[in-house]
Protein chains: 2
Amino acid sequence: MIEHTDLSQPIYLRLKDMIRNGELKQGEKIVQEKISELLGVSRTPLMKALLALENEYLVESIPRRGMFVRSLDEKEIFDIYICREAIEGMAARVLAIKKDEAVVKQLKACFMPFSSQSNIDLDAYTRADEHFHSLLIKLTNNAPLDKIYFFSNIHDKVTGHGLVRPPEETLHEHFKIINAIENGNADQAEKYAREHIEKSRILLNK
Amino acid sequence: MIEHTDLSQPIYLRLKDMIRNGELKQGEKIVQEKISELLGVSRTPLMKALLALENEYLVESIPRRGMFVRSLDEKEIFDIYICREAIEGMAARVLAIKKDEAVVKQLKACFMPFSSQSNIDLDAYTRADEHFHSLLIKLTNNAPLDKIYFFSNIHDKVTGHGLVRPPEETLHEHFKIINAIENGNADQAEKYAREHIEKSRILLNK
DNA sequence: AAATTGTGTTTTGTATACAAAACACAATTA
DNA sequence: TAATTGTGTTTTGTATACAAAACACAATTT
């Protein structure tokens with residue numbers, strides 16, 4: 001048997017990936033024995049992983065019926081973006097108050113490769129964008145805030161792996177947020193972070 | 001055996017109560033077999049309940065070591081209050097935008113019994129306060145927002161079941177929030193909701 | 001034909017069994 | 001005496017077993 005301290009961890013990651021890449025489709029029922037057989041584990045650690053995914057809004061449990069891959073309707077996507085506006089907005093505020101040079105440096109590093117390019121590699125920019133938004137939370141060093149920010153998982157599931165808006169539009173917005181943080185302008189940092197997400201929300205919701 | 005569809009649900013509620021009322025103390029290790037024997041259930045549904053509590057920040061798992069009742073230090077309390085400011089602030093904003101009479105009515109109902117009293121029953125006011133803050137979130141009808149607002153659990157654990165500030169101080173603040181919502185003033189509603197929590201945070205953190 | 005009932009199968013929820021890791025503490029060594 | 005090793009116990013993590021609920025679908029009734 002393989003070495004491990006906690007089998008549910010790799011199962012959790014694997015399932016998350018399966019949901020992301022479509023091996024498990026939206027709304028699909030997750031038959032526990034099938035998956036446990038597929039992954040070569042028992043139902044016990046699988047259950048643990050599924051519960052973690054349920055708490056991240058990726059999976060939905062209906063008692064006595066089973067676990068299902070969550071499928072999001074328009075209202076839920078709207079609501080999730082509202083949450084993101086609250087969380088990321090606050091994160092930007094916290095970072096602006098911190099005024100830590102190392103923080104600014106890391107944030108800037110995300111988009112440095114694109115600032116001088118005229119033709120932006122979409123794939124690379126998508127990864128940078130994801131990284132930036134996750135970093136914004138992590139750098140606050142606020143563990144509870146990080147804990148409630150699990151919607152990043154859902155983010156690209158919603159849009160089918162792509163960006164909601166083109167880099168030409170968002171690159172500048174990202175730098176506006178970073179600059180406000182650098183200048184220690186908390187109100188502006190929060191405002192820009194929110195507007196950035198709000199614009200995508202409005203676009204997704206019509 | 002007792003009728004049920006999901007045994008982990010009552011176990012979850014029982015454990016939450018045990019943490020609240022001190023039957024399980026901060027930092028205490030939760031020995032699974034002990035608790036499962038105490039509650040007359042097996043470890044399987046108990047584990048399910050413990051995982052739910054872990055995701056609510058009430059319990060902490062250290063792999064291969066066990067589950068422990070989470071004990072919060074000053075920084076964590078501070079960080080949780082930052083989260084509450086973000087979440088409740090946004091909730092107040094959403095409700096203000098909604099401008100739903102029924103919403104305002106329910107919020108007002110929380111504190112109506114106290115508005116004319118000169119001597120406020122502390123116990124009743126504490127319950128009303130809890131209800132108000134929970135209601136603020138629920139009435140947004142934003143399920144993801146509700147999902148990330150599990151810190152209410154922790155709130156009175158932190159303060160040892162009491163209020164951080166006296167009713168004489170907070171009652172007026174509550175009405176300011178409600179009035180802003182009633183008037184559809186989103187910016188003010190959010191601002192007042194935040195300041196209300198911020199004041200307690202500052203008090204707790206010195 | 002549509003609705004209902006019955007029956008065998010699947011799947012969940014719970015209990016239990018068991019190996020391996022963590023722990024406690026006495027015996028041993030430096 | 002302080003540190004280390006060894007040994008028996010406890011506890012976790014995982015697998016498995018089993019009852020009851022959900023399901024699928026054929027047979028029966030209206």
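In the text below, chain A, chain B and the rest are named by the order of the sequence lines, each starting its count at 1. Quick note: numbers below take in every heavy atom, side chains included, and nothing from hydrogens, waters or symmetry partners.
Contact check, A:S42 against D:dT14: no side-chain N or O comes under 4.0 Å of OP1 or OP2. Here A:R65 reaches the OP1 or OP2 of D:dC23: one of its side-chain N or O atoms lies under 4.0 Å away.
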For residues 48-55 of chain B, which side-chain N or O atoms pair as donor and acceptor with protein atoms under 3.5 Å away, sequence neighbours left out?
from, atom 1, to, atom 2, distance (Å)
B:N55, ND2, B:L51, O, 3.0

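Other residues, nucleotides and ligands place no more than 12 heavy atoms under 6.0 Å from the NZ atom of A:K105.
Across all strands shown, A:K34 has no heavy atoms under 4.0 Å from either base or sugar-phosphate atoms. Counting any heavy atom pair closer than 4.0 Å across all strands shown, A:I62 reaches no nucleic acid atom.
Both tests pass for B:R201 against the ring of B:F78: distance under 6.0 Å to the centre and angle within 45° of the axis.
Aromatic ring pairs are classed by plane angle as parallel below 30°, tilted from 30° to 60° and perpendicular above 60°; the pair A:H174 and A:Y125 is tilted.
In this entry the distance linking CD1 of A:I11 with P of D:dT14 reads 7 Å, nearest Å. In this structure, B:I30 atom CD1 and C:dA22 atom P are separated by 19 Å, rounded to whole Å.
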task = Decide yes or no on ring-ring contact (aromatic ring centres under 6.0 Å, His included) for A:F132 and A:F111, but give the supporting numbers first.
result = CA-CA 8 Å; A:F132 172 76; A:F111 298 109; 5.1 Å; yes
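Distances from the side chain of B:V41 to the nucleotides D:dT14, D:dT12, C:dA15 place C:dA15 closest. Side-chain proximity of B:Q32 to D:dT12, D:dT16, C:dG13: nearest is D:dT12.
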message = Pairs counted only when both distances fall under 3.5 Å, Watson-Crick or G-U: show me the 5' to 3' dot-bracket for DNA chain D, [ ] for pseudoknotted crossings and | for other-strand partners.
response = ||||||||||||||||||||||||||||||
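Applying the side chain to side chain donor-acceptor pair (under 3.5 Å) test to residues at least two apart or on different chains, the pairs with a partner in residues 7-19 of chain B are B:D6-B:S8, B:Y12-B:K16, B:Y12-B:E56, B:R14-B:E23, B:K16-B:N153.
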